[in-house]
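In what follows, a structure is listed as C-alpha cells, so that the remarks can point back to it.
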Amino acid sequence: MSDEKPPQLVDYFVVAGLAEASRALEEEQQPRPARPGEPITDVAVIIRSQGEEVPQGFTCIETTTSGHPVDLNAGLLNNPQMFLCYKRGRDKPPLIELGVHYEGKDRPKPGYQILDTTPYSRSANLASGSPGHQRTFLTFRRAAEPPGHHTLGVTDICLVMPSKGESTPHTFCRVDKNLNTSMWGPALFLCYKIAVAKGNTLVYEAGLLSRYPEQDSESFPLPESVPVFCLPMGATIESWPAGTKYPLPVFSTFVLTGASGDKVYGAAIQFHEAFPRERLSEAQALRLGLLSVVDRRPVPGRSLHTRKSICVLSHWPFFDVFRKFLMFIYRYSISGPHVLPLETHISHFMHNVPFPSPQRPRILVQMSPYDSLLLCRPVSSPLPLSGASFLTLLQNLGPDNAVALLVAVLTEQKLLIHSLRPDVLTSVGEALVAMIFPLRWQCPYIPLCPLALADVLCAPVPFIVGIHSSYFDLYEPPRDVIFVDLDTNTIFQSEERKLLSPRALPRRPCKVLLASLHSLSQQLDELLSAPGEEEPPELVLSDAEAAGARRAQLELEARAAFLRFMACALRGYRSFLRPIAPAPAPAGRDAGSLFALQGFLRSRERAYQRFYGQLLRTQLFTQFIEDCSFASDREPCLEFFDTCVDKVDLEKPEDTPLMELDDPRGGEHTVFITPPEQPAGPDGAEPPARYRYDGFPTLCPELLEPPRDPLVAQLCQARSSAPSSPAPRRTKQEMKVAQRVAQKSSAVPELWARCLLGHCYGLWFLYLPTHVRAAPAKLRALQLAYDVLRKMEQHKVVLPDEVCYRILMQLCGQYGEPVLSVRVLLEMKRAGIVPNTVTYGYYNKAVLESKWPAGTQGGRLRWAKLRNVVLGAAQFRQPLRQRERRSAAGDPPGDQPPPAPRPPLQRQTTWAGRSLRDPAPAPRLVKSGSLSFPRGEGGTRMGLGEPPLLPVTPPLPPSRPRGPPGSADGSLSDIATDESGGDEGPAGGPGGGPGGVTPRRGLAAKLQQLLSPGKRPPPRPTEPPREPGARRGSEQRDGDPPSRRSPAETLLRPRERPESTASESSVSLGSELDLSDASGGSTGAPKSTEPSSDGTAGTEPPALEVLLSSCSRCPGCAGLVFDEELMAGWTSDDSNLNTSCPFCCRSFVPFLSIEIRDFRRPPRGPTPVPLPRQPPGRWERVAFAYLSPLVLRKELESLVENEGGELLARPELVDSHPIIFWNLVWYFQRLALPSNLPLLLLGSQHAPRDPQQPLPPVLQPPEPSRVRVRLLWDVLSPDPESCPPLYVLWRIHSNLPPRLHPWGPPPAPFSLTFLEALLSHVGLNEVHKAIGLFLETLAAPGAPRTLHRSIYRELLFLTLAALGREHTDIAAFDRRYRSALGKLGGALGRDELRRRRAQPPSAKASDCRRTFGAPPEC
C-alpha cells in the first residue's frame, strides 16, 4: 500500500497588487456623501457667555446627534455657557483618544494632556458654575511624531444625551463619564470615532502579480479570489505630502472554505512602495491632487505610492510563523544588496522546511544570521483544527459580550464583525464558529471580507462576516444586521434584529461559563500588563516556548469553558436519536425521522424552551443530527463530544476536566534548517552582492531553486496512510478510555482477566474483514461473528470500546445485510451499551444503503419450511426403523436384554466432593443406516473429539477417526465398560477405580488399550457437537448452564461448516481435554486431531503441524512462568512488553516458542514408517515475543492503518511481521476463533516448497486441514540437563514415551512409590502432607537441587496426568492447596515456603486461567 504524501507546510506564495486589468471599486458603489479627509488635531472649550468666539479653523459642536441643543455646563441658569470645538488638519499628529478627568478623584493618565484653559486663557473647568462640585476637565492623547499617512486618529466627535433617547452612534467610542456633574440638567456624554483619515486615494480591485509555484496542484488549485483577500480594502494609489513617513506593514489573515468544508488559511502583509507618475492618466492625477484644477499644472511637494501584499497559503494555521517569514521577506526586499536573490529564500522555505511530526515536533528555521523562527507541531486535539483565538475574543469583547455572541451564533443571526485591525478579525471569526462545537456553521462565513465581496451583506440568509471598519466610511451598512465593533467592545442591534437575552440560556451552564470567562479575562489582563522583553535569538528554543505556555494554557481553558456549556446544553441528546430499524422510507434523512425533536424539547425546562425551540430550527442542529446519524469524517470529533456529555452528567460537572490533550512536543528531537547556501566565488572568495530591489519584484522562475535537501521531509514525515476500512480504527478518545479501563481493571483480578479477554476478541474483530472477504459464504461468516458477540455477552466480557460491534455493522452494510445490522444494534442495547456517534453512523449507513428483503415470504423461505417439515418427519421415523432392525435381528422388542451394569467406579466422587459424571446430553436420533454399538454405545457420546465454541476446521471425512470411545462424562467407569465389551470378558468391579487398582496395572492397562488403534471402534460422523466453551470440572464459567445450546449447533452443523476456515485445532476455549500428549499418559483419550503414531489411521498426516507454547523462563531465577502467570504479570500500559516473575518479581519479556513440523516428503519410493514421536521430514523451532492483548492490539491497529488490512491475508505477514502473526495465531487458537492465518505458513519461508513437487493450481486455495496447530501448557524445549517434572516421571514409570524427547533416568528419590504417595495424599484431601513429603524428598540425597517448576505446578500436573483433566477440579485443587499452605505456614514460615517455590498462583493468575481456560496439553 503506497504511503500518502507528507503534509506540506506552505502551498503557495502570492504577490498581489495593482494589476493591468484591475477595476476601480469606488465608481461602482454609492459611497457616503460625507467622508472626512483629515483627522482631528486639536480640541478646545469656549465660554460664549463671557464673549469667547470659535477660534479660526475650529468647528463648534452646538447640538447632539439628534439635534438637541447642547451646553457643557447646563446645570443652572447662571452657569456659563460652554461649548466644545475641534480642528482638523495634518500640520501636527492627530488625536488618538479623548477622555474626562475628575480632579481629586482620578489620577492623570500617562501620555494624556489635560485641557485646563480655553483659547482665551480662562479656566476650562466644565463645573465652574457649580460651587462645591469637583473640577472636571477634558483630556486627550496625541499620536507620536512624525505622523504617518495611515496613522489612526480621531476623525469625528459628537455629544449624546441618553435622557433624550440617544445612544452611541455606530463605530463611535463613548467616554463613560458624565460631563455634567451638577445635580441639575441632563447627563451628557462625549463620543468620538477613530479611523484612518486619508484623502487623495484611488481604490482598485487587487490582482495577481506573481505566484509560486506557477502550476496548480491537483489536490488544491490556487483560488482566483486570493488577491482580493490579500488586499481586502483594495489596491490603492495614494498621494502623500512630502516627508510623510512610510507606515509599517500590516499583517492580516483570512480563511477560505471549500465546497467540502475544508479550510485554507492565508497570511498576508500589506505594505506601500513608490508608484511611477507616468502610469497615471490626467483624470487620475486630478483626483489625487497632483494637478491643479484650473490650469492643470503639477502640484509640488507630493509623492505617489501604491499598496501591495505578499501572502502564503497553507492548510495549517501557523499564523505567527508565517508572519515572521513574510516580514523577513519584506525586509529583505527593501534592504540590500544581497548575494542571494529573494526567490532563493522563498523556494527554500517552501521546499526544505518540513512539517513537524510526532518524532521531531520542533523545526528551527534559520533564515539569516539574525532571523530565525520556531515551528512546533500543533496540539493533538480531538477538536477540529482552527485558527481561533478565544483570548483575542475576550480581550476585545469581554465575557458578557462573548456570551451574547454565543446566543447570536446558536440562533443563526446575521453578524457583521468589524475592526481597524485586520488580523484580529480572523481570530475572532474563527472563535465564533469554534465556540459552538459540535455544531458547524452552515451559512456564509467570511472572517475577512474584501470590498469586492461586500454584496454578501445584503444576502437574505444568516452569515458571519468580518470587514475593515473603513467600510462604513464608504458605504451604508444594511439595517437587519447585528454589528460587533471589536475596537470599542460594543454590539449594535437594530430594531429589526433583536437578540435573545443570555437569560434565555440554561441557567447553571451559563453561570458556570460566565464565571470561567471572567476569571480568564482577569488572568489575561494580568498577563498582558506584565512587562516583557524580547528574547535573544540564542534562547529561542527554551524561552520562546516557556513564554507562550501560559497563554496557551489560558486558550485551552477558554475553549474548554465553551465546550462544557455545549455539553450541558445538549445533554442527553443521544437518547432521542431514532435508529432506522425497518426498511427506510424515501425521507429517511429528514431530521424529524432521525431525531425526536418534540421529545427533546419537552425534556428541557420550560423557561428555556424558547432558546431550544430556535436552536432546533436552525441548519446547525439539522446538520448535527445528520452527522450523528450517518458515517462522516467528523466521527472522532463527535465521539469526543459524547464523552464530554457523559462527563458533565456527573454530580459536579464543573470539576471534571473535559479536554486531555497530548503534549505536541513530546519528542526531544529538533530539526535545524540552515539558511540557503551562498554560491562560491572565483578562488573561493565571497561572491559579489548584486541583488537590490526598488520595490517588491516579480518572481523570476529561473531564480526559484528546487528542493535542496529532499531527505529532510522524509526524516520528519510521519508515515500515515488511510486504512482499507475506517471502522477498525479506534478513535483517540476510545484509546484513552480503554487505557483508563485497563488501569482500573488491573487492580481487580477478575476484571483484569475479562479486560484481556475483551481485547483478544477485539483482535479477532479487527481480523474479521479479512476473514469475511476470504469466506465463500459471506452471510454465514457474518452470522458466525454475530454468534461470537452473543457468546461474549453471555460470558460478560469487558469491552473497552465498540469496535467489535462497529466492524460487524460496517460489514453488514458492505455485504448488504441490514437485518443482521439491526440485530447487532439490539445486541448492543441488550448488553447495556449505548452506541456512540461513530458506531451509530455506521449502523444507519448500513441500514439506509443496503437492500432490504421483500416483506412477503418468497420461494426460498417456503422451501426452507418444507425442508424443516421433511427433516422433522425423518427424525420421528428413525426409532421405528431401529425397532424394525432389531426385530429382523431376532430380538423381540419386549425381550431386549437390560444394559450392562455400571462398575462401582461410576459412582465415585472426586477428592473435591463432586460427582465425576456431568449431565449427559439429550438422547440423539441416529440417522438410518449409521453404525451402532450395542455394548459400547455410551462410549460414542464422549465429547473429547467435538468441535470447539466456533469451529475452526471443516468436517473431517467420514473415514477419518473422530476419537476413541468414551462416555458422556468421560469417567473411568465408561473405560471399564469399553473393556468389557470386547472378547476378553468383563473386567472391573470394586477395585476398578483409582482407589483399588494400582497405576501399574489398571490405569496403565487402560491407557495401553486406548492407545491401541486396532481396538478403536469406527467413528460416527453424525455425532452431535458438544456445547462449545463448556468446561469439564470447575473450569466451567459461572452462570453458564450446561444445557445451553451453542450457536454452532444451529448455525454450523457438520455438513454446513465453511470450507474456508483456517486450520485443524486440537483445543477450544474451555475444552478440558486430557493434559497428556498423543503418546498417552492419562486416563483420557487422545484427541482426534493427533497424528497416528504408526500411520494406520487411514489418512495422511497434515502438511504442517505447529506446536505453540507460551511458557517462558525467567532470566533472573530460571523458574518457568506459565501462561496464566504471564497474563497476571502484564501491566495496563499498551507499550510495555514486560511481565513480572511470580517468584523473584523481576520484569522480563516472555516468548512464544514455536515448533514447525513439515510432514511433506517428496515421492522417492517407499518411505519407512517413522518411529513414534519422531517428527518426519523438516522441522524448525523459533521464538518471538509474547505480547499482551493490549500491546498486540495497538500494534495490529498500526499495521492495518499503515499497510492495509489486505496484508493479513498474504503470506508476507509471516515473514515481515512474525511477532504479530504468531501472537494472533496463539490467541485465535486459544479462543477457538476461526481464521485463515495458519494457512499463510504454506507460503512463507518456514515451509519452503519442494522443487520436485508440481505447483498447485493457482485458483485452488490450500485445504484448511493441511495445517494443524496445537497449544501446549508446559515448556516446548526444556533444558535436557534439568530434572524431568513429576508428570513426565509418571509416564516414564508407566512405560509411556514422553512427548518431547527421551529423558534421562529419574532421580532415585522420585520413585513410583513416591509419586503414588503424593497422589494418595492429594486424593485424600491431605495436600499439606503431599507438600511436606515433597519438601522432605527434595532435601534427600540424590534429589535435584533446583526445581524449574513450583511445587504447586508439579503436584497439579501430576494429578492431571494420573487422573485426567476430565476428573480433576482445578479450582478445588487450588482451594485445598492454599488451605494446606496455611497449615504449613506456621511450622515452616511463609518466607521459607516462598523461597522454596511452594506458593500457589496469585488470584489474578487463577482468574486468567479460569477465564481463558488452560491449554489442552502439556
Side-chain angles (χ1 to χ4, degrees), residues 14-17 25 148-153 171 193-198 201 203-206 225-236 238 247-257 263-272 306-314 317-327 330 386-389 391-393 395-397 415-433 445-454 456-457 463-475 477 483-489:
V14 174
V15 181
L25 293 179
H149 186 70
H150 288 263
T151 304
L152 289 175
T171 70
K193 179 181 179 180
I194 298 179
V196 178
K198 56 183 179 180
T201 301
V203 183
Y204 296 87
E205 183 179 349
S225 59
V226 168
V228 298
F229 283 94
C230 296
L231 294 170
M233 298 308 295
T236 60
E238 304 173 9
L248 295 177
V250 178
F251 178 70
S252 64
T253 58
F254 57 89
V255 180
L256 303 178
T257 306
K263 290 184 178 181
V264 178
Y265 300 92
I269 60 171
Q270 306 172 24
F271 55 90
H272 290 80
T306 185
R307 184 162 53 185
K308 273 188 179 182
S309 175
I310 55 176
C311 164
V312 291
L313 289 181
S314 173
F318 294 117
F319 292 144
D320 292 337
V321 173
F322 297 152
R323 179 179 58 82
K324 293 180 181 180
F325 168 68
L326 293 175
M327 290 300 296
Y330 170 72
S386 171
S389 175
L391 297 185
T392 304
L393 175 70
Q395 183 179 355
N396 290 274
L397 289 175
L415 290 180
L416 180 58
I417 313 167
H418 60 90
S419 173
L420 295 170
R421 299 159 295 169
D423 57 323
V424 176
L425 291 174
T426 301
S427 299
V428 174
E430 285 282 276
L432 290 180
V433 297
Y445 166 65
I446 309 176
L448 181 60
C449 182
L451 284 180
L453 303 179
V456 72
L457 300 180
F463 56 77
I464 296 179
V465 173
I467 202 166
H468 199 275
S469 294
S470 58
Y471 166 83
F472 301 101
D473 297 334
L474 302 174
Y475 311 108
F483 300 96
V484 182
D485 192 348
L486 300 181
D487 298 325
T488 62
N489 188 12

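FYI, the numbering just counts along the sequence from 1.
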- Item | Heavy-atom side-chain contact between Leu457 and Tyr471 under 4.5 Å | yes
- Query: With side chains defined as the heavy atoms from C-beta onward, is the minimum distance between Ile194 and Asp487 less than 4.5 Å?
  - Reply: no
- Message: Does Val428 form a side chain to side chain contact (heavy atoms under 4.5 Å, CB included) with Val484? I'd like the steps, not just the answer.
- Response: CA-CA 11 Å; Val428 174; Val484 182; over 6 Å; no
- Item | Short side-chain to backbone donor-acceptor contact, Thr426 and Thr253, under 3.5 Å | yes
Heavy-atom closest pair, residues [X] and [Y]:
{"X": "Ala206", "Y": "Pro227", "result": "CB-O, 3.4 Å"}
{"X": "Ser252", "Y": "Cys230", "result": "OG-O, 4.4 Å"}
{"X": "Ile417", "Y": "Gly429", "result": "CD1-CA, 4.4 Å"}
{"X": "Leu326", "Y": "Ala267", "result": "CD1-O, 3.2 Å"}
{"X": "Pro317", "Y": "Gly387", "result": "CB-CA, 3.9 Å"}
{"X": "Val250", "Y": "Pro422", "result": "CG1-CG, 3.7 Å"}

Can you measure from [atom1] ([X]) to [atom2] ([Y]) and round to the nearest 0.5 angstrom?
{"X": "Thr236", "Y": "Leu231", "atom1": "OG1", "atom2": "CG", "value": "8.0 Å"}
{"X": "Phe251", "Y": "Lys324", "atom1": "CZ", "atom2": "NZ", "value": "11.5 Å"}
{"X": "His468", "Y": "Leu425", "atom1": "NE2", "atom2": "CG", "value": "8.0 Å"}
{"X": "Tyr265", "Y": "Leu256", "atom1": "OH", "atom2": "CG", "value": "11.0 Å"}
{"X": "Phe483", "Y": "Ser469", "atom1": "CZ", "atom2": "OG", "value": "11.5 Å"}
{"X": "Gln395", "Y": "Ser427", "atom1": "CD", "atom2": "OG", "value": "10.5 Å"}

- Task: Please report the C-alpha distance between Asn396 and Arg421 in whole Å, then the side-chain angles of each, then the deciding distance to 0.1 Å, and finally whether the side chain to side chain contact (heavy atoms under 4.5 Å, CB included) criterion is met.
- Result: CA-CA 11 Å; Asn396 290 274; Arg421 299 159 295 169; 2.6 Å; yes
- Message: Checking side chain to side chain contact (heavy atoms under 4.5 Å, CB included) between Leu486 and each of Thr392, Leu420, Val424, which is the one that passes?
- Response: Val424
- Which one of Pro232, Cys311, Pro447 satisfies the side chain to side chain contact (heavy atoms under 4.5 Å, CB included) criterion with Phe254? Cys311
- With His272 as partner, the option from Lys308, Arg307, Glu238 fulfilling side chain to side chain donor-acceptor pair (under 3.5 Å) is Glu238
- Using the benzene-type ring in the case of Trp, are the ring centres of Phe472 and His418 under 6.0 Å apart? yes
- Go through the steps to decide whether Tyr445 and Glu430 satisfy the test side chain to side chain contact (heavy atoms under 4.5 Å, CB included), and finish with yes or no. CA-CA 9 Å; Tyr445 166 65; Glu430 285 282 276; 2.6 Å; yes
- Message: As a quick check of understanding, evaluate side chain to side chain contact (heavy atoms under 4.5 Å, CB included) for Met233 and Val203, giving each step before the final call.
- Response: CA-CA 8 Å; Met233 298 308 295; Val203 183; over 6 Å; no
